[in-house]
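Scroll down for the structure; my scribbles are underneath it.
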Amino acid sequence: MEKFITLRSTAIPLNIENVDTDQIIPARFLKATDKKGFGDNVFRDWRYKKDGSVNTSFVLNNSDYKGSILVAGNNFGCGSSREHAAWAIVGYGFKVVVSSFFADIFKGNALNNGLLPVQVSEPFLSDILNEIESNPETVIKVNLEEQKISIERKNISEKFEIDPYKKTCMINGYDDIDYLVNNKELIEAFEAQKIF
Amino acid sequence: MGKTLFDKVWDAHVVSNIENGPQILYIDKHLIHEVTSPQAFNELKERGIPIYRPSQTVATADHNTPTLNQDKPVKDELSRKQLQQLSENCKANNITLYELGHKYNGIVHVMAPELGITQPGMTMVCGDSHTSTHGAFGAIAFGIGTSQVAQVFASQCLLLTKPKSLRVSVNGKLKPGVLPKDVILYIISKLGTNSGTGYFCEYAGNVFEEMSMEGRMTVCNMSIEMGARGGMIAPDEITFEYVKGREFAPKDDDLTKKLEYWKTLPTDKDAKFDKEYFFDAEDIEPMVTYGTNPGMGIKINGNIPVENNLSFKKSLKYMNFEAGESLIDKPINYVFIGSCTNSRIEDFRVAANYVKGKRKADNVTAWLVPGSKQVEAQIIKEGLKDIFDDAGFELRQPGCSACLAMNDDKIPQGEYCVSTSNRNFEGRQGQGSRTILASPLVAAATAVEGRIIDITKHLN
């Protein structure tokens with residue numbers, strides 16, 4: 001897993017609530033047996049029309065907006081457990097997703113793939129969305145060490161929460177398997193005394 | 001202070017606590033399928049880590065499998081490759097697999113309970129968000145991502161922070177025609193799609209106590225649709241009777257010991273929940289959804305609410321519905337009875353009971369997809385297939401099918417489908433498809449009429 005410490009980038013506004021994992025990566029693209037290539041199909045049915053032509057009104061197709069931060073509406077990533085959704089977002093080039101609320105499984109999947117979910121307050125989310133929408137050059141800074149997200153030009157920022165263990169993993173590029181495999185003795189001892 | 005059912009099961013599975021971090025939670029049973037497991041197997045292989053407890057993992061093929069001609073090679077190349085990969089991975093790692101055509105094959109959340117793999121007091125995971133289904137037995141069961149599938153492969157454990165607790169109580173007498181599906185759609189419509197996020201939910205009250213195991217599974221199945229990682233119902237005599245005698249259920253002395261333990265699991269009277277909701281059973285009517293998330297549900301004879309926000313409007317535009325209108329008499333061309341929510345024998349009995357002696361409307365394509373080979377066999381044994389055949393419904397072979405349309409069972413662009421599945425997301429049942437979630441009874445009635453009817457006026 002890639003390390004994450006700080007990021008300074010322009011951002012893409014996806015001002016929609018309840019973005020579910022079927023929109024992030026439709027089920028028909030889940031037939032791969034590796035993790036590669038999902039970025040090509042991220043938000044597939046919003047980016048392209050049924051006839052395959054580009055949907056120019058969708059924000060990812062608006063050349064004004066670039067960057068490795070996705071800013072989305074409340075309850076991002078609800079729906080299925082498919083980690084393919086995190087792979088698709090990472091595959092497209094995003095390193096951070098900002099929302100006022102994340103669905104549980106998506107949040108965990110993101111963290112396990114070096115994608116930082118930054119949960120902000122509703123007012124801060126509106127601020128960011130307004131800023132980016134009125135000026136696509138707006139730079140957002142994310143500092144994981146300080147757990148702080150800022151809108152550079154406006155000089156406003158907000159602290160965000162992250163599980164301390166997950167923070168250490170992100171900063172060092174560790175994942176949970178290393179930790180668990182190194183604790184085999186504890187697990188074996190638990191199995192030996194477990195009644196049911 | 002007393003403990004909740006969830007506390008009791010969770011605490012009994014904590015291997016250790018990490019300071020300022022998550023806990024190591026032991027997983028009793030790991031269910032896998034073809035779509036979310038291949039990358040996890042690859043991960044272990046690349047890192048040279050063996051599967052730690054292969055006997056605690058059970059596999060089935062369900063998500064991308066065809067529901068016709070299952071005895072022939074799978075036509076779709078990518079699906080076939082994914083299924084082959086599952087077979088090879090299971091073989092190489094000594095994991096039991098109920099592959100396509102096996103007498104125990106079926107949707108992972110139908111197959112495991114009916115074989116007695118699911119038991120009270122267990123911790124169970126699967127790379128599928130509807131793993132919450134198994135909570136109906138008083139088990140902690142939840143969906144995980146593929147990285148976590150790899151973690152369980154490597155260690156039979158997960159690193160988790162204990163979720164908060166939530167209890168939803170429904171008491172009173174359900175009206176005729178109100179099924180477990182309506183109860184959960186009603187709860188989600190009241191609480192919204194993220195009210196349960198960060199929580200594990202216990203369903204309590206006489207409505208759940210009186211429900212069959214299959215009904216309880218329907219309810220717990222959709223816990224994730226209100227954001228809760230899982231839902232649970234206290235195990236009781238109904239649970240024990242269901243589990244006893246099944247293929248992998250405990251037997252003899254083992255059963256006696258386990259029953260004794262299972263009886264200690266229900267929530268203590270003085271236990272406290274972080275959040276509680278109460279509903280009256282009398283307020284629940286047969287439900288339908290009108291939007292693009294499962295929280296957008298109304299009573300079948302109600303009207304779509306009027307709301308002034310962008311996401312709501314986007315949703316109605318997608319569905320081609322107007323705010324304030326009723327869904328009664330909306331013409332419907334597709335009906336799907338199936339999915340891990342509603343593909344068990346009781347669901348088909350309800351549908352058959354309504355359909356008996358009637359015929360589907362000419363405009364309707366009605367697919368019935370059993371949850372497992374065993375359910376399929378039971379449908380035939382009970383003579384339900386004949387009823388469905390006479391009515392023009394099409395009984396297909398088991399699998400996830402049109403719930404997520406990974407196989408060929410897709411609803412065409414722009415068409416409505418009254419579906420017993422769990423998600424009405426945009427394009428969920430095929431690109432451009434429009435899903436209306438409902439119970440098997442409402443689905444059957446829609447198929448017969450070719451339009452949505454007020455079922456409450458058609459019940460004796």
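Every chain is numbered from 1 and lettered A, B, ... according to where its sequence line falls, protein lines coming before strand lines. When reading the values below, keep in mind they use all heavy atoms of this one structure, side chains included, and skip hydrogens, waters and symmetry mates. The structure presented is a predicted model; accordingly, all values stated were derived computationally and were not measured.
Residue contact with chain A, scored on non-hydrogen atoms closer than 4.5 Å, involves the side chain of Tyr52(B) exclusively. Looking at Thr161(B), only its side chain comes within 4.5 Å of chain A, counting heavy atoms on both sides. For Phe190(A), the part lying near chain B is the side chain, with the backbone staying farther off; criterion is any non-hydrogen pair under 4.5 Å. In this structure, chain A has no heavy atom under 4.5 Å from any part of Asn422(B). Contacts between Ile144(B) and chain A at a heavy-atom distance below 4.5 Å involve the backbone alone (N, CA, C, O). Heavy atoms closer than 4.5 Å to chain A are found nowhere in Ala228(B), neither backbone nor side chain. Of the atoms belonging to Asn182(A), not a single heavy atom falls under 4.5 Å from chain B. For chain A, the nearby part of Gln85(B) is the side chain; its heavy atoms alone come within less than 4.5 Å. Looking at Glu17(A), both its backbone and its side chain come within 4.5 Å of chain B, counting heavy atoms on both sides. For Phe102(A), the part sitting under 4.5 Å from any heavy atom of chain B is the backbone (N, CA, C, O) and nothing else. Interface remark: Asn112(A) contributes backbone and side-chain atoms alike to the contact with chain B (heavy atom separation under 4.5 Å). Interface remark: Leu404(B) contributes backbone and side-chain atoms alike to the contact with chain A (heavy atom separation under 4.5 Å). Within the 4.5 angstrom heavy-atom criterion, no atom of Gln193(A) approaches chain B. Contact annotation for Asp163(A): only side-chain heavy atoms (C-beta onward) come within less than 4.5 Å of a heavy atom of chain B. Of the two parts of Val14(B), only the backbone, made up of N, CA, C and O, holds a non-hydrogen atom closer than 4.5 Å to a non-hydrogen atom of chain A. Looking at Asn194(B), the atoms closer than 4.5 Å to chain A (heavy atoms on both sides) sit in the backbone and in the side chain alike. Only the side chain of Arg423(B) comes within less than 4.5 Å of a heavy atom in chain A; its backbone stays farther off. For Ser155(B), the parts lying near chain A are the backbone and the side chain together; criterion is any non-hydrogen pair under 4.5 Å.
Comparing Thr131(B), Asn42(B), Ile18(B), Ile49(B) by how many heavy-atom pairs each has under 4.5 Å with chain A, the most go to Ile18(B). Ranking Lys410(B), Gln119(B), Gln156(B), Arg229(B) against chain A, the residue ahead of the rest is Arg229(B), based on heavy-atom pairs under 4.5 Å. Chosen from Asn74(A), Val181(A), Asp34(A), Asn109(A), the residue pairing most often with chain B at heavy-atom distances under 4.5 Å is Asp34(A). Note: Thr193(B) leads Thr193(B), Leu160(B), Leu310(B) in heavy-atom pairs under 4.5 Å with chain A. Ranked by heavy-atom pairs shorter than 4.5 Å toward chain B, the options Glu188(A), Arg82(A), Arg44(A) are led by Glu188(A). Interface summary for chain A: among Gly196(B), Gly145(B), Gly432(B), the most heavy-atom pairs under 4.5 angstrom belong to Gly145(B). In terms of heavy-atom pairs under 4.5 angstrom with chain A, the leader among Ser147(B), Cys126(B), Gly143(B) is Ser147(B). The candidate with the highest count of non-hydrogen atom pairs below 4.5 Å against chain A, out of Cys157(B), Ala405(B), Gly295(B), is Cys157(B).
From Phe29(A), atom CZ reaches atom CE of Met406(B) across 11.0 Å, with rounding to the nearest 0.5 Å.
The two residues Leu111(A) and Met1(A) make their nearest non-hydrogen contact at O-SD, 3.5 Å. Of all the heavy atoms in Ala61(B) and Glu34(B), the pair that sits closest is CA-OE1, 3.5 Å.
Salt-bridge check for Arg47(B) with Glu43(B): passed, with a basic side-chain N closer than 4.0 Å to an acidic carboxylate O. Taking a cutoff of 4.0 Å between a charged side-chain nitrogen and a carboxylate oxygen, Glu158(A) and Lys148(A) do not qualify as a salt bridge. Between Lys314(B) and Glu426(B) a salt bridge is recorded (basic side-chain N to carboxylate O distance below 4.0 Å). With respect to the salt-bridge test (charged N to carboxylate O, under 4.0 angstrom), the residues Arg53(B) and Glu191(A) qualify. A salt bridge does not link Arg434(B) with Glu415(B): every distance from a Lys NZ or Arg NE/NH1/NH2 to an Asp or Glu carboxylate oxygen is 4.0 Å or more. Ion pairing between a basic and an acidic side chain is recognised when a charged N comes within 4.0 Å of a carboxylate O; Asp254(B) and Lys258(B) show such pairing. At a threshold of 4.0 Å, the pair Lys35(A)-Glu83(A) does not count as salt-bridged, since none of the basic side-chain nitrogens sits closer than that to a carboxylate oxygen.
Between Ile12(A) and Ile69(A), every side-chain heavy-atom pair lies at or beyond the 4.5 Å cut-off.
Evaluated for a side chain to side chain contact (heavy atoms under 4.5 Å, CB included) with Phe76(A), the options Thr21(A), Val98(A), Asp20(A), Ile24(A) yield exactly one hit, Ile24(A). Asp45(A) pairs in a side chain to side chain donor-acceptor pair (under 3.5 Å) with only one of the listed residues (Lys50(A), Gln23(A), Arg28(A)), which is Arg28(A).
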Residues His63(B), His33(B); criterion ring-ring contact (aromatic ring centres under 6.0 Å, His included); working and verdict: CA-CA 7 Å; His63(B) 276 61; His33(B) 60 84; 3.8 Å; yes
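Neither side chain, Tyr65(A) nor Glu133(A), offers a donor N or O lying under 3.5 Å from an acceptor on the other.
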